[in-house]
Structure formats: structure tokens, C-alpha cells
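To start, the structure under review is shown below, and the notes come after it.
Chain letters run A, B, ... following the sequence lines, proteins first, then strands; residues in each count from 1.
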Amino acid sequence: MSTFANTLIHWQRRHGRHDLPWQNTRDPYAIWIAEIMLQQTQVATVIPYYQRFIGIFPDIETLARASLDAVLALWSGLGYYTRGRNIHKAACLMVAHYQGRFPSNAAAIEQLPGIGRSTAAAIAAFAYGERCAILDGNVKRVLTRYFGINGYPGEKKTEILLWEKAESLLPQENTHDCMATYTQALMDLGALVCTRHQPQCRVCPLRSDCVAFRENRTAKLPAPKPRKPLPNREATFLLMIDQNSILLEKRPDTGIWGGLWCLPQLPASIDLQLCCIQYWGINAAFIADLPVIDHVFTHFKLRISTCLLQVIDRSNNTLEEQAWVTIDEALNLAIPAPVRKILMEVSSSAKFFEMSCQPLSGY
DNA sequence: AATCCGGGGAC
DNA sequence: GTCCCAGGATT
């Protein structure tokens with residue numbers, strides 16, 4: 001029989017990592033330091049920090065005796081400095097209350113500051129061979145793919161489901177070697193095979209039972225963190241028509257649509273088009289509101305209202321960074337997509353055609 | 001449930 | 001530039 005766990009254990013012995021500095025020890029202190037450093041931090045980054053730290057603080061007592069400043073100095077550059085503070089605090093706590101001994105099971109380990117459920121389980125599995133499940137970023141990725149779980153792993157409901165799966169997959173055989181190898185196998189599979197980008201499914205020992213592989217959805221799982229809803233902004237474009245010509249403005253080189261030609265733009269808050277006409281030295285009459293366009297940027301949404309105006313007098317208009325062009329000419333300039341959309345629609349509308357061929361008279 | 005912590009690597 | 005990483009604590 002070949003269970004999930006047995007498959008992984010066999011794979012680990014042949015293809016897993018065996019020479020990381022914190023492997024090949026059952027010292028809970030050394031494993032603890034490594035697991036804390038590895039929280040949200042990649043292996044290659046951790047290695048030199050870990051070796052330096054263990055060299056200077058080889059055990060709980062030495063760490064507890066050291067000053068917090070000395071501990072944080074060794075942490076400098078690793079980030080998440082609360083981890084360093086918690087390590088020092090926990091070492092002092094173990095000296096004060098546990099006779100300098102590391103707690104002997106996952107539940108007790110989890111009571112230490114800076115240690116949550118997954119880290120406690122990892123330490124207990126590696127140091128004591130305790131039969132308990134980890135659920136770090138690697139395992140979440142492996143399990144969401146293996147079971148085809150669609151929810152975002154940061155979501156509570158999904159996380160509960162993932163913990164249930166992680167528990168249910170634990171090896172039945174409860175030996176130290178079995179648990180340590182299995183736990184390392186999950187991490188190594190996630191790090192070496194079931195990677196976020198371009199997972200190596202061809203060499204994956206689990207692929208025959210992997211939902212994501214079978215359904216070709218590895219690129220879609222795990223679901224990415226939902227993006228915060230984009231803030232909404234509004235703007236008004238003015239489409240000013242003078243016979244066959246419309247007014248474009250060249251935008252500043254920096255910022256949105258930098259250096260592109262654009263319809264004159266007003267903040268949506270400004271009340272009426274006619275009071276703003278003075279800004280361009282143009283007298284114009286309102287014709288119509290054009291359909292609203294919603295445009296999405298990476299960091300906000302822009303709702304664009306466009307106001308169609310008939311130019312009455314543009315003799316006071318100065319042409320700095322501005323151009324009067326035909327719509328066909330405009331469509332051959334560097335214009336943003338929303339402007340192109342507006343101009344395409346207007347140029348094909350009968351109303352515009354009629355208007356531009358027979359300019360309104362009497363003003 | 002959302003947010004914060006933080007530097008670095010992959011892309 | 002974005003997204004993520006051997007997560008946990010706080011609100």
C-alpha cells in the first residue's frame with residue numbers, strides 16, 4: 001500500500017534535502033532557532049544568520065544570559081524583529097520557569113511567545129518525533145493543489161479545511177524517524193517540486209493523485225490573496241468640437257498617461273463645464289453628455305464622464321501643450337485607451353457627423 | 001477578519 | 001514594479 005505519507009517519506013529519502021545546517025540534529029533549541037528564522041524568510045537568506053546565531057548562542061542558557069541588544073544585533077537584516085525579541089523572552093522564560101529545559105511537546109511549545117501552531121508542530125516533529133501536523137506556506141501550496149482547494153488559504157474557512165487535511169494525512173506509523181522525515185518531506189516537496197511558479201509535476205511523487213495536476217490547474221492554485229478593492233476616482237473629459245477639430249492636451253511626462261495626448265480633463269467635483277471654459281480661453285455651449293466609461297488602473301478605478309461641447313469662440317485659446325486636430329488625426333496620436341474609445345464612438349455617431357458638417361450657427 | 005511586521009528573492 | 005516566503009500577535 002502506498003499512502004500519501006509513505007509516498008512522501010520514500011521520496012524524501014531519495015530526493016529531499018538532507019544537508020541544511022539545522023538538519024541532522026534533534027536539539028530542540030537549534031531546531032527552534034531555525035524554525036523561527038525560517039518564518040516568512042527563505043532558506044538561503046536564513047543560513048548565514050542561523051550559523052552565526054548558533055555559534056554565539058549555542059544553547060538556551062547562553063541566549064537567556066545575553067542582552068536583548070546582542071540578540072537583535074545578530075537579527076539585524078533578517079526582518080520581523082519581534083521574532084528576535086520573542087526568542088530572547090522565551091529563553092529567559094524557560095530558564096526562569098522550566099529549569100532551562102525546552103518544553104517536551106507541541107502543546108507546551110506553542111505556549112512560548114512567537115510560536116504558533118505550525119512552528120510548534122515542526123519543532124515537536126523534528127526534535128521529539130511527535131505526531132502532529134504542520135501547515136506553513138509550502139504545505140498550504142501542496143495541499144491546495146493536491147486536493148484542488150479553491151479558497152484563498154488566508155481565509156479562515158480555507159485554513160480550517162487545510163488543517164483538517166494536514167491532520168488526516170499524517171503517517172499512521174508514529175516513530176521519530178517517520179515523523180521527522182515526513183515533516184521534512186512536505187517542506188522539501190513544496191520548496192523543490194511543488195513550487196509557486198512552474199512546479200515540477202513531471203517528477204512529483206504525488207501527481208497521480210493530485211487534483212490540480214489532473215485538471216491542469218497548478219497555475220491557479222493556491223488562490224492568490226484577494227486584492228483590496230481599488231479606490232474609485234472620477235474625472236470629466238471635455239470633447240470640444242470646432243467644425244472638424246477637437247481639442248487635445250499633452251499631459252505631463254510623469255504620472256498617469258504621462259506624455260500622452262488626452263481630452264481636456266476636469267475634476268468631477270467641478271460643477272459646470274461652462275464656468276471652467278475660461279481656463280482654456282474658449283467659449284463653448286453644452287451639447288450632450290456622452291456615455292460614462294469605467295477605466296481600471298493598477299491602483300484605482302477611474303469613472304470618466306465626457307461632456308460634448310460646441311465651440312463658439314476659441315480666439316482666446318492659447319495652444320501651449322494643446323492641439324486642435326481632427327478625430328482621425330487624434331486616433332493616430334498617442335492617446336490613452338479611454339480617449340480612443342470615446343473618439344471611436346463619437347466619430348461613428350450620426351449626431352457628430354451631422355454636427356461637424358453643419359456647425360451650429362447663431363451664436 | 002484585517003492588519004502589521006520587513007528584508008530579500010523570483011519574476 | 002508585484003507577489004510571496006518554514007507565521008504569529010494584535011486589534
Would you classify A/L20 as touching base, sugar-phosphate or nothing, given that sugar-phosphate means primed atoms plus P, OP1 and OP2, and contacts are heavy atoms under 4.0 Å? base
How close or far is atom P of C/dA6 from atom CD1 of A/I134, stated in whole angstroms? 10 Å
Rounded distance (Å) that lies between atom P of C/dC3 and atom NZ of A/K220: 14 Å
Same hydrophobic cluster for A/L221 and A/L186, using side-chain heavy-atom links shorter than 4.5 Å among ILVMFWY? no
Nearest 0.5 Å, what's the NZ-CG distance between A/K165 and A/L135? 13.0 Å
Whole angstrom value for the distance that separates C1' of C/dA6 from CD1 of A/I36: 10 Å
What's A/Q184 touching, base or sugar-phosphate or nothing? Going by heavy atoms closer than 4.0 Å. base
When the P atoms of C/dA6 and B/dC11 are considered, how many whole Å apart are they? 14 Å
With a non-hydrogen cut-off below 4.0 angstrom, is A/W22 in contact with a base, only sugar-phosphate, or nothing? base
Pull out every protein N or O sitting under 3.5 Å from an N or O of nucleotides 9-11 of chain B, one pair per line with the distance.
unit_1, atom_1, unit_2, atom_2, d
B/dG9, O4', A/Q42, OE1, 3.2

Side-chain heavy atoms nearer than 4.5 Å, only ILVMFWY residues, links allowed to pass through others: does that put A/V139 and A/F4 together? yes
Do A/L189 and A/V211 belong together in a cluster built from hydrophobic side chains that touch within less than 4.5 Å? no
Under a single-linkage definition using a 4.5 Å side-chain heavy-atom cutoff for Ile, Leu, Val, Met, Phe, Trp and Tyr, are A/W22 and A/Y29 assigned to the same hydrophobic cluster? yes
OP1 or OP2 of B/dG6 less than 4.0 angstrom from a side-chain nitrogen or oxygen of A/R83, does that happen here? no
Counting heavy atoms not belonging to A/R52, are there more than 12 under 6.0 Å from its CZ? yes
In this structure, how many angstroms lie between the C1' atom of B/dT3 and the NZ atom of A/K156, rounded? 15 Å
Give me, pair by pair, the N or O atoms of the protein and of nucleotides 7-11 of chain C that are less than 3.5 Å apart, along with how far apart they are.
unit_1, atom_1, unit_2, atom_2, d
C/dG7, OP1, A/G137, N, 2.8
C/dG7, OP2, A/Q40, N, 2.7
C/dG7, OP2, A/Q40, OE1, 3.0
C/dG7, O5', A/Q40, OE1, 3.3
C/dG7, O3', A/T119, OG1, 3.2
C/dG8, OP1, A/G116, N, 2.7
C/dG8, OP1, A/G116, O, 3.3
C/dG8, OP1, A/T119, N, 3.0
C/dG8, OP1, A/T119, OG1, 2.7
C/dG8, O5', A/G116, N, 3.4
C/dA9, OP1, A/G114, N, 2.9

Just the rounded figure in Å: distance from P of C/dC3 to NZ of A/K225. 10 Å
Can you tell me how far C1' of B/dA2 sits from OH of A/Y152, to the nearest Å? 11 Å
Quick one: A/M37 CE to B/dG7 P, roughly how many Å, whole number? 16 Å
Test the A/R83-A/Y80 pair against the cation-pi criterion, namely NZ or CZ under 6.0 angstrom from the six-membered ring centroid and within 45° of the ring axis. no
Over all strands shown, is A/R141 touching base, sugar-phosphate only, or nothing at heavy-atom distances under 4.0 angstrom? sugar-phosphate
Under 4.0 Å between a Lys/Arg side-chain N and an Asp/Glu carboxylate O for A/D177 and A/R13? yes
Given the P atoms of B/dG6 and C/dT10, what is the spacing between them in whole Å? 14 Å
Name the atoms and distances for all side-chain donor-acceptor pairs under 3.5 Å in residues 147-159 of chain A, with sequence neighbours left out.
unit_1, atom_1, unit_2, atom_2, d
A/N150, OD1, A/R217, NH1, 2.7
A/T158, OG1, A/Y152, O, 3.3

